[in-house]
Amino acid sequence: MPPHHPTSPTGPDTPALVDFTVDLTAQEVLRRAQVMDALGPDWDPIEVLRGEEAAYDLLYSGLDAEQQRVYDALVAAGVLASRGDGRAAA
């Protein structure tokens, strides 16, 4: 999508355009601090990742032949990441 470059009106009664910039750096730092505070001191990102991996393993376990075929097609198409040996968990 091309950038939007509006043409400014011209004429003797037209006010001049004013440069308007906002620095959101301080707001972003505050937002990140609030997120970390909400997560709490017991948040363990490695444990969270392990839990997500376990959930994916469970999600793709015990597939019947048709489900396995669909899973394999989605992996081949790049929609799903290959897991382990490329087969859903048994």
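Please read all numbers here as calculations on a predicted model, not as lab measurements.
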Any side-chain heavy-atom pair of Val70 and Asp72 under 4.5 Å: no
Test: Glu53 and Arg50 ion pair at under 4.0 Å: no
Hydrophobic cluster membership, Tyr71 vs Val79, 4.5 Å side-chain cutoff: yes
Side-chain touch Gln67/Tyr60, heavy atoms, less than 4.5 angstrom: no
Residues Asp44, Asp42; criterion side chain to side chain contact (heavy atoms under 4.5 Å, CB included); working and verdict: CA-CA 6 Å; Asp44 182 359; Asp42 297 329; over 6 Å; no
Side-chain donor-acceptor pair present, Asp64, Gln68, cut-off under 3.5 Å: no
Transitive ILVMFWY side-chain link Met36 to Val29, under 4.5 Å: no
Between CG on residue Leu74 and CZ on residue Arg69, distance to nearest 0.5 Å: 9.5 Å
Approximate separation, where rounding is to 0.5 Å, of Leu24 CG and Leu30 CG: 12.0 Å
Nearest non-hydrogen partners of Val75 and Ala81, listed with the distance: CG2-O, 4.0 Å
Single-linkage hydrophobic cluster Val48~Tyr56, side-chain heavy atoms < 4.5 angstrom: no
